[in-house]
Protein chains: 2
Amino acid sequence: MPTPHHGQPRYRFIADELRERIESGVIPPGTLLPAESVLTAEFRAARGTVRKAIAALREEGLAVTEHGRGTYAKAHTYNHADQPERRQQKILADTHLAALFEVEVGTALVERVTVIRRGEQVEKVIRTYWPGPTDL
Amino acid sequence: MPTPHHGQPRYRFIADELRERIESGVIPPGTLLPAESVLTAEFRAARGTVRKAIAALREEGLAVTEHGRGTYAKAHTYNHADQPERRQQKILADTHLAALFEVEVGTALVERVTVIRRGEQVEKVIRTYWPGPTDL
DNA sequence: AGAAATTTGTCCGTATGTATC
DNA sequence: AGATACATACGGACAAATTTC
């Protein structure tokens, strides 16, 4: 069976299936996913396809893979209790920012740094820049 | 000749070559790149290898691909006003980011730059960072 | 309107080498 | 030494979107 299948690409189907198992607890947080070789057998998919599925899970933050070890399921916390931290300061435009804002290098700008955490881990860092400072 | 390891992988060599053609204007912005089939012939590489090179250009924001059409060269200028522009690329952690994410300096991160305009003026620049990349 | 050709997207199978545990 | 994942590359096949005839 060549398995073309409905609409969806195969790697996405596999990703959906694995996501389901992680979120449902079939694969508990912190435990290893089945090895790529096992998944290729189970889904009768090529390795490249399985890897693409796993890559999708990594991007979603649902899995972390370690070289030579395997891919771990990660706890999926819907916990938004973590308040983002913000810090705002005056900075001077570097070449990149100067080009974007069409100002001279060294022109004063405002930078706000927001750090978003998921538990202990820093998930994202957002740096926002705008002309200024508007002196607060 | 198959492919020795001249320091750099084949797909990167191809990407470098194409990048130079775009930036130098040999392939002007808005025009189509040669089809994958043409590139496989020119570089005597497998299609997957060519596609990987093109994918690299896409991540740099140098090209846009449309199904059934082809891959267009993109202007590399920031001076094109319309929607919020986003560019995503792999970067290496500087000391500040390394400290926040608690990783080594030089660790690979993903940076997305979003430019928000109001008319001609750049209003805000948002740089978002997160761990990765999960490659491809 | 329809068929054919072109082009990218996805998938398969295989192979070789490296790095990590 | 063995198992695992990672990176790269090849070839072939069909699907899906677009263009051309």
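Atom set for the values below is all heavy atoms of this structure, side chains included, hydrogens, waters and symmetry mates excluded.
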Which whole-number value in Å describes the distance from [X] [atom1] to [N] [atom2]?
X: A:Phe13; N: D:dA15; atom1: CZ; atom2: P; result: 19 Å
X: B:Arg12; N: D:dA7; atom1: CZ; atom2: P; result: 10 Å
X: B:Leu32; N: D:dT18; atom1: CG; atom2: P; result: 14 Å
X: B:Glu66; N: C:dT6; atom1: CD; atom2: C1'; result: 15 Å
X: B:Ile14; N: D:dC10; atom1: CD1; atom2: C1'; result: 13 Å
X: A:Arg44; N: C:dT10; atom1: CZ; atom2: P; result: 22 Å
X: B:Leu39; N: C:dT7; atom1: CG; atom2: P; result: 11 Å
X: A:Ile54; N: D:dA7; atom1: CD1; atom2: P; result: 13 Å

Q. Would you call B:Glu17-B:Arg21 a salt bridge at under 4.0 Å N-O?
A.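 Yes, charged N to carboxylate O under 4.0 Å.
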**Q.** Residues B:Glu59, B:Lys74: salt bridge by 4.0 Å N-O rule
**A.** no
Q. B:Tyr129 and B:Phe101: which non-hydrogen atoms are nearest, and at how many Å?
A. O-CZ, 3.5 Å
Q) Do you know the tightest heavy-atom contact between B:Tyr72 and B:Leu33? A)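 Here B:Tyr72 and B:Leu33 meet closest at C-CD1, 4.0 Å.
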(Q) Taking the minimum atom-to-atom distance to the side chain of A:Glu36, which one of C:dT10, D:dA5, C:dT8 wins? (A)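 Of C:dT10, D:dA5, C:dT8, D:dA5 is nearest to the side chain of A:Glu36.
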Q. When you measure from the side chain of A:Ala35, which nucleotide among D:dT4, C:dT8, D:dA7 comes out closest?
A. D:dT4
**Q.** Gap between atom CZ of B:Arg19 and atom CG of B:Leu62 - 0.5 Å precision
**A.** 7.0 Å
Q: Apply salt bridge (charged side-chain N to carboxylate O under 4.0 Å, His left out) to B:Arg127 and list each qualifying residue two or more places apart in sequence or on a separate chain.
A: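 A:Asp94.
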Under 4.0 Å between a side-chain N/O of [X] and OP1 or OP2 of [N], yes or no?
X: A:Thr49; N: C:dT10; value: no
X: B:Lys52; N: D:dA9; value: no
X: B:Tyr11; N: D:dA9; value: no
X: B:Arg10; N: D:dA7; value: no

For nucleotides 11-13 of chain D, give me every protein contact, N/O to N/O, under 3.5 Å, one pair per line with atom names.
{"residue": "D:dA13", "atom": "N6", "partner": "B:Arg47", "partner atom": "NH1", "Å": "3.4"}

Q: Identify whether B:Ile91 and A:Val115 are in the same connected component of the hydrophobic contact network (ILVMFWY, side-chain heavy atoms under 4.5 Å).
A: yes
Q: Might you confirm whether atom CD of B:Glu42 has over 12 heavy atoms from other residues, nucleotides or ligands at distances under 6.0 Å?
A: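 Enclosed: over 12 neighbouring heavy atoms sit under 6.0 Å from CD of B:Glu42.
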Q. Heavy-atom distance under 4.5 Å between the side chains of B:Leu57 and B:Leu18, does that happen here?
A. yes
Under 3.5 Å, which protein N or O atoms sit close to an N or O of nucleotides 19-21 of chain D? Give each pair with its distance.
{"residue": "D:dT19", "atom": "OP1", "partner": "B:Arg69", "partner atom": "NE", "Å": "2.4"}
{"residue": "D:dT19", "atom": "OP1", "partner": "B:Arg69", "partner atom": "NH2", "Å": "3.2"}

